[in-house]
Engineer: 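The structure follows.
Protein chains get the first letters and strands the later ones, always in sequence-line order, with residue 1 at the start of each. Everything numeric here is computed off the predicted structure, so don't read it as measured data.
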There are 4 protein chains.
Amino acid sequence: MAIHSSKLFSIATGSSEPIYRQLVDQAQRLVAGGQLAPGDAMPSVREVAQALALNPMTVSKAYGILELEGVLTRKRGMGMFVADAPKGTHSVASRIELLRPTLERAALEARQLELDHDTVLTLFTKLLKEKQ
Amino acid sequence: MAIHSSKLFSIATGSSEPIYRQLVDQAQRLVAGGQLAPGDAMPSVREVAQALALNPMTVSKAYGILELEGVLTRKRGMGMFVADAPKGTHSVASRIELLRPTLERAALEARQLELDHDTVLTLFTKLLKEKQ
Amino acid sequence: MAIHSSKLFSIATGSSEPIYRQLVDQAQRLVAGGQLAPGDAMPSVREVAQALALNPMTVSKAYGILELEGVLTRKRGMGMFVADAPKGTHSVASRIELLRPTLERAALEARQLELDHDTVLTLFTKLLKEKQ
Amino acid sequence: MAIHSSKLFSIATGSSEPIYRQLVDQAQRLVAGGQLAPGDAMPSVREVAQALALNPMTVSKAYGILELEGVLTRKRGMGMFVADAPKGTHSVASRIELLRPTLERAALEARQLELDHDTVLTLFTKLLKEKQ
DNA sequence: GTGGTCTAGACCACT
DNA sequence: GTGGTCTAGACCACA
C-alpha cells in the first residue's frame, strides 16, 4: 500500500457534485499533475471507502470510470494501478485544451455582461496568482 | 416582439448544467449588461422553446424563476417583460461579481493543470476578442 | 417509445458474461449494424429492467457505459438516444474490424486443434447461414 | 524439458477471460491437436510463471485443473506430464466440437454487424492461413 | 487480500 | 415520465 487514501482524496459532502465524480476528477488531476505516477498502486476500494466513510460501490464506480478512461488499469486480484500515460498526455498543448471550454464559457459570460476586457483580465490575473 | 430568442440564448445540451439554469443565468447577465433593457418584451415561451428545440415547460420554469427574482414581470395577456427595476445595480463592480465564480473556477483548473499564467492569459485574451 | 426492449435485447442468464456487458455489447452491435439509427430513442431503463426481469441499476450501468463510449447520448428528463455516428463508423471496413478479434481467436484455436481449414470453414459457413 | 513455455502459451492480459482459464483451454487444445503428446514433459510451474510474468499460483491452479481433468499427470519429484490417455478422443469430429462455441459466437457477431458472408469468410480464411 | 456483480430500496433532479 | 446517486448487504472470482 504505497499511498494513503486519506491523503489522496478529499470529498465535499455538501457539494452537488456526485461523490464518485469528485473522486474521478481528483484522480485525473493527480495523474495529470504527476502526483500519481504510472505504475503506482492506488489505495484499495475498501480502504478508500472506509477512510472517507463511503459505500465501497461508490468508490468502485469511480475506479471503474477511471479504468474506462484509461487513467487506471486493473490487475486482477492485485488492485488498481496508475496506467502508463498515453504519449503526449502531459504536454502543455493537451493541458490547455482541457482548460479551453471553461475559458470559452467565461468569455461568453463576460460578453453578455458587457464587461471591458481589461477589467476582466485584471480580475482573472489576480485570481490566478492567489491561493498559490 | 423586439428580440429574437435565437439571438438571445445559447444553450449547451452537453453541459451538466440544467437547461433552465442556463436560461436563467443568461437572462440575468443580459439584463445586467444592458442588452435587455427595462420594458423590453421577452420572446414568448413557445417561441424560445421552438427556436432552441426545448420543452416549453423548461422555458416556462426559467421565466418563472426570473419573475420570482424580480428580473422579469408578467403582464397578463401580453407576455413577459424586463422589469422596470431589475434587481441589483448595473455598475461594473456588481457585474464583475457575477463573473467572479466562473473566473475562480477557471483559475482553479489552471492551477491543477499546472499551466503557466502567460499561456492561460494569452488564450483567454484571444477568446475574449473572438466572436465579438 | 419507438423500440421494444423485448425485441432489442436478449440476455443469457447462464452465461458468465455479466448482464450489463451483454447489454453493452448488443447495443454496440445493433448500432454498428444500423438496427439502431442515430436519434432513435432507446427503451427506458425501467422498461428494459422490467422486460428482462433485471434490477434497474444493472440496465443503468450498461447505459452509462454506452454513454461514456459515445454510443448513446442522454437527454435529461427525456431518456437515452442513439448518438450521431462518428463519420465512417458504419462502413464495412470498420464493422469487419469489430469482428476481427473474434475471428483471430477462432483461427488460433483452430490451429492449436490442428484442424483442417476446409473442415473449419464448412462448419463456420453452416453456422453463418443458420438462425438467420 | 522438451517444450518452452514461451512458445506454448500466449496469454492476453487485457482479456476478461481469467488467466488460469486461458492456460487450461490452450493446453487442452494443444493436447487434442497433438502438439502435446502423451508422455511429454510440461514446463515447470515456475518456468511458465517467469516466462509469462504470472503469479506461480495462477499457473499451479491451471495445472491442477488439467490434472483433475485427466489431461496431465503429476509424477512426484519429476513434474507434470501429458497423460497417457487424455480425456476424449482426438477424432476430427471431437476436435471440431471444441471449436464450435467460438465459431458460433463469431457467427452471431457477424450477423449482428450485418456483415456479408463472403466478407467474413474471406477475412477468416486469410487469418487461418496466416501465422502458420 | 483484491475488485466485480447484482439486488432491493430510498431519494433526488430534470423535462 | 426520465435517468442518477447512494446505501446496505450478499455472493463470486481471481491471485
Engineer: Using only side-chain N and O atoms of A:Tyr63, determine if any of them is under 4.0 Å from OP1 or OP2 of E:dG3.
Structural biologist: no
Engineer: What is the distance from CE of C:Met80 to P of E:dC14, rounded to the nearest Å?
Structural biologist: 18 Å
Engineer: Are D:Glu17 and C:Arg105 close enough that some pair of their side-chain heavy atoms sits under 4.5 Å apart?
Structural biologist: yes
Engineer: For A:Arg100, what residues pass the side chain to side chain contact (heavy atoms under 4.5 Å, CB included) criterion, not counting sequence neighbours?
Structural biologist: A:Glu97, A:Glu104, B:Leu123, B:Lys126, B:Leu127
Engineer: For F:dC6, does either OP1 or OP2 sit under 4.0 Å from a side-chain N or O belonging to A:Thr58?
Structural biologist: no
Engineer: Reckon A:Arg76 has a side-chain N or O less than 4.0 Å from the OP1 or OP2 of F:dA13?
Structural biologist: no
Engineer: Would a distance-only check, ignoring hydrogens and angles, find a side-chain to backbone donor-acceptor pair under 3.5 Å from B:Gln26 to B:Ser10?
Structural biologist: yes
Engineer: What is the separation between atom CG on C:Asn55 and atom C1' on E:dA10, rounded to the nearest whole Å?
Structural biologist: 13 Å
Engineer: Find the distance D:Ile11:CD1 to F:dC14:P and express it as a whole number of Å.
Structural biologist: 14 Å
Engineer: Which comes earlier along DNA chain E counting from the 5' end, the contact point of A:Met57 or that of B:Pro18, where each point is its nearest nucleotide?
Structural biologist: A:Met57
Engineer: Under 4.0 Å: is that the gap between some side-chain N or O of C:Tyr20 and OP1 or OP2 of E:dC6?
Structural biologist: no
Engineer: How many whole angstroms separate atom CD1 of A:Ile65 from atom P of E:dG4?
Structural biologist: 12 Å
Engineer: Taking the nucleotide of DNA chain F with the nearest heavy atom to each, does A:Lys75 or C:Gly64 sit closer to the 5' end?
Structural biologist: C:Gly64
Engineer: Tell me whether A:Arg74 contacts the main-chain N or O of A:Phe81 through its side chain, where contact means a donor paired with an acceptor under 3.5 Å.
Structural biologist: no
Engineer: Could you tell me the separation between the OH atom of C:Tyr63 and the CE atom of C:Met80, rounded to the nearest 0.5 Å?
Structural biologist: 7.5 Å
Engineer: How would you label the contact of A:Ile19 with the nucleic acid (heavy atoms, under 4.0 Å): base, sugar-phosphate, or nothing?
Structural biologist: sugar-phosphate
Engineer: Return yes if some donor-acceptor pair links the side-chain N/O of C:Gln22 with the main-chain N/O of C:Ala12 below 3.5 Å, else return no.
Structural biologist: yes
Engineer: When only distance counts, do a donor and an acceptor, one from the side chain of A:Arg46 and one from the base of E:dG1, lie under 3.5 Å apart?
Structural biologist: no
Engineer: Expressed as a whole number of angstroms, how long is the span from C:Gln22:CD to E:dT5:C1'?
Structural biologist: 12 Å
Engineer: Considering just the side-chain nitrogens and oxygens of C:Arg74, establish if one lies under 4.0 Å of OP1 or OP2 belonging to F:dT2.
Structural biologist: no
Engineer: Please confirm whether the shortest side-chain N or O distance from C:Ser60 to OP1 or OP2 of F:dG3 is below 4.0 Å.
Structural biologist: no
Engineer: In whole angstrom, what separates D:Glu17's CD from F:dA15's P?
Structural biologist: 11 Å
Engineer: Mapping C:Leu54 and A:Met78 onto DNA chain E by nearest heavy atom, which one lands closer to the 5' end?
Structural biologist: A:Met78
Engineer: How close or far is atom P of F:dA13 from atom CZ of D:Arg21, stated in whole angstroms?
Structural biologist: 12 Å
Engineer: Five pairs at each end of the helix from E:dG1-F:dC14 to E:dC14-F:dG1: take the axis at both ends and give me the angle between them to 10°.
Structural biologist: 30°
Engineer: Can you confirm whether C:Gln28 sits close enough to C:Glu69 that some side-chain heavy atom of one is under 4.5 Å from a side-chain heavy atom of the other?
Structural biologist: yes
Engineer: Check the distance between E:dT7's P and C:Gln50's CD and give it to me in whole angstrom.
Structural biologist: 14 Å
Engineer: Just to confirm, is there a sub-4.0 Å distance from OP1 or OP2 of F:dT5 to any side-chain nitrogen or oxygen of A:Lys61?
Structural biologist: yes
Engineer: Evaluate the side-chain proximity of C:Val71 to C:Val82: yes if any heavy-atom separation is below 4.5 Å, no if none is.
Structural biologist: no
